[in-house]
Each structure stands twice: as C-alpha cells, then as structure tokens.
Amino acid sequence: MKKQILTIVVSMMFALASSIANAGSFNVGVTGAIADVSASGTETTNAGDSGTANTNSSSVSNDNVPIASIFAEYQSDFYGLTLGLEHIPGAADVSNSVKTRSEVAASDTDDETTNTATRDFKAQAEVENYNLIYVELPIYNQFFIGAGLSEMDVNTTEVASSNGGSYGNTTLDGTMYRLGIKGAIGDNAGYKLFYEVNDFDTLKLTSTGNSVADETNSISADLDVDMLKFALSYNF
C-alpha cells in the first residue's frame, strides 16, 4: 500500500512542478548525517511433533553511523511547501557484528535417529535501496517541519549450518518526521540542518529449508533510525 502511495505522490509532485514551474525553484543536493541505529528481533523455532518451542531474542544499537544521501526537491511559493525525493546509495549492515548461536538438531527429515550434533548459526542483515518521498513546510522564520514515506530492501545474510533453515529478503516500509532550519547561501545555493526520526514497519519472515521439512521458524524485528543531518543544495 505504501509503495502505491509513493507512486501517487511522486506523480502529483511532478504534475504540480510542471504546472507552476515559474512559481518556485528546483533544488538538487547532498546530505551528510550521523545516525543512531537501533534494532531488536525475536526468532521462534517450531516445536515440531515432540520438541519444545524455543524463542531467542536479541537487540543491537549502532551509534554515530555516517550516512550520505542525494536528493531532488521542488520548493513552491505556495506557503513555502516543498516536495522532495531522497536516495541513499549503497548498502549497510544493521549491526556492526555478526550474531552467533549454537543449537542441537534433534531430528532431520527422513532420519528416524535422534541427533546430538551441535550446529552454529550466524545471522546478519543489511539494508539497501533506501528511497524517501517527503514534504516540508515552514513554521516560523527559518524553522520547518517535514514528514515522509520511505521504503528499503532488507537482505538477510545469515549462515545456516548443515541443513538448517534460512530466511529470504524483503522490502520494508517506514515513516519519517523531521524538524530543522533552512536558509539561502548566495543566489543559487541553500542549506538545511535538521533532526530526523525514521520508524519502520515490523519485519516478519518465515524460514525455508529447515532440517524437518514441515517445521519452520519465524522472526519478528523492529528497526528505528534517528539522524542529525546537514544538507547543501543548488537551486535553479
């Protein structure tokens, strides 16, 4: 649903820009940010016919992460309303370390014996292709507020030992809120300094390829990113 909303708003933005092209300015620029990334997740293993369900939880906090992005926006003369698109190139790990746990697989598909071998599981995730569409509105002098909708790809890079299950990749939606100041630098440049909060939807995945074919595991995770950002733009 949010992807459809993004498409609709982008179309409206360019339609508005085309109709009142002489009543505002187009801005393109770059941003630099220091981000605090926090994530928490829970994995629940299937109990099976004779086993016991097991839940493992973990959280990570990665502070002072440098992030760069590019953006393009249209700043109208309609109360200073600004519509923009932002993109973060490249990929980044959610955690700065790989999470590892050990587990004994009691049974395998088509294997009637009880197994006692310990297997190590390593988990990590990366995010990429972050795209954001946003609106900004002046509230007093140089101060402005903003909000937006975002989406990004989440790639699980876990290593499942032996014939354990693994998780696939997905796309995650989110909402953004920001507050800051903006101003002009000469005739054709501008700047913004703002604080931004990103709240993403809960990530839910189900494993495939487990040692017992009809038993699957599931994970549920939450990701939040707060950023202090500085932007420079060229206006034309």
Seminar exercise, completed: What one should report as the nearest heavy-atom pair of Pro89 and Ser69 is CD-CA, 4.3 Å
For this session: Kindly assign one of parallel, tilted or perpendicular to the pair Tyr191 and Phe230, based on the angle between their ring planes and the thresholds 30° and 60°.
Result: parallel
Exercise. Nearest 0.5 Å, what's the CG-CG distance between Leu83 and Leu137?
Worked result: 10.5 Å
For this session: Indicate if Phe194 and Val65 have the same hydrophobic cluster label, given that clusters are the connected sets of ILVMFWY residues with side-chain heavy-atom separations under 4.5 angstrom.
Result: no
Problem set entry | For Lys182, all residues meeting side chain to side chain donor-acceptor pair (under 3.5 Å), sequence neighbours excluded | Glu136
Exercise. Between atom CG of Leu149 and atom CD1 of Ile133, what is the distance when rounded to the nearest 0.5 Å?
Worked result: 7.5 Å
Problem set entry | Pairwise side-chain contact, Asp36 with Asn64, heavy-atom cut-off 4.5 Å (strictly under) | yes
For this session: Kindly give the heavy-atom pair with the smallest separation between Ile88 and Ala68, and that separation in Å.
Result: CG2-O, 3.5 Å
For this session: Carefully, step by step, assess Asp226 and Tyr195 under the rule side-chain contact (heavy atoms from CB on, under 4.5 Å).
Result: CA-CA 8 Å; Asp226 299 340; Tyr195 185 76; 3.2 Å; yes
Exercise. In chain order, what residues pass the side chain to side chain contact (heavy atoms under 4.5 Å, CB included) check against Ser38, with sequence neighbours excluded?
Worked result: Asp224
For this session: Measure the CG-CG distance between Asn188 and Asn27 for me, rounded to the nearest 0.5 Å.
Result: 10.5 Å
Exercise. What's the shortest heavy-atom distance between Ala33 and Lys229, and which atoms?
Worked result: CB-CG, 3.5 Å
Exercise. Measuring from Ile219:CD1 to Leu205:CG, what's the distance to the nearest 0.5 Å?
Worked result: 4.5 Å
For this session: May I have all residue pairs that pass salt bridge (Lys or Arg N to Asp or Glu O under 4.0 Å) and include part of residues 60-70, sequence neighbours excluded?
Result: none
Problem set entry | Residues in side chain to side chain contact (heavy atoms under 4.5 Å, CB included) contact with Asn198, at least two apart in sequence or another chain | Tyr130, Met176, Glu196, Phe200, Val225, Met227
For this session: Could you pull out the closest heavy-atom pair between Pro66 and Ile34, with the gap in Å?
Result: CA-CD1, 4.3 Å
Exercise. If Ile, Leu, Val, Met, Phe, Trp and Tyr residues are connected whenever their side-chain heavy atoms lie under 4.5 Å apart, and connections chain through other members, are Ile181 and Leu179 in the same group?
Worked result: yes
Problem set entry | Partner residues of Tyr234 under the side chain to side chain donor-acceptor pair (under 3.5 Å) criterion, sequence neighbours left out | none
For this session: To the nearest 0.5 angstrom, please state how far the CG atom of Leu85 sits from the CZ atom of Phe71.
Result: 11.5 Å
Exercise. In Å and rounded to the nearest 0.5 Å, what is the CD1 to CG distance from Ile185 to Asp187?
Worked result: 12.0 Å
Seminar exercise, completed: The remaining residues in the hydrophobic cluster of Val30, counting side-chain heavy-atom contacts under 4.5 Å among Ile, Leu, Val, Met, Phe, Trp and Tyr, are Ile70
For this session: Start with the C-alpha distance between Asn129 and Thr171, add both sets of side-chain angles, then the distance that settles side-chain contact (heavy atoms from CB on, under 4.5 Å), and finish with yes or no.
Result: CA-CA 9 Å; Asn129 297 326; Thr171 298; over 6 Å; no
Exercise. Are Lys192 and Glu86 within salt-bridge range, i.e. N to O under 4.0 Å?
Worked result: no
For this session: Give the cluster check for Phe144 versus Tyr79: same hydrophobic cluster or not, with ILVMFWY residues linked at side-chain heavy-atom distances below 4.5 Å.
Result: no
Exercise. Looking only at heavy atoms, what is the nearest atom pair of Ala231 and Thr31, with distance?
Worked result: CB-CG2, 3.4 Å
Exercise. Has the side chain of Asn131 got a donor or acceptor atom that lies under 3.5 Å from a matching backbone atom of Met152?
Worked result: no
Exercise. Would you say Thr42's side chain and Ser220's backbone share a donor-acceptor pair under 3.5 angstrom?
Worked result: no
For this session: Take atom OH of Tyr140 as the centre, draw a 6.0 Å sphere, and report whether it contains more than 12 heavy atoms from other residues, nucleotides or ligands.
Result: no
For this session: Specify the closest pair of heavy atoms between Ala147 and Tyr177, including all atoms of both residues, with the distance to one decimal.
Result: CB-CD2, 4.1 Å
Exercise. Is any side-chain heavy atom of Thr170 closer than 4.5 Å to a side-chain heavy atom of Leu203?
Worked result: yes
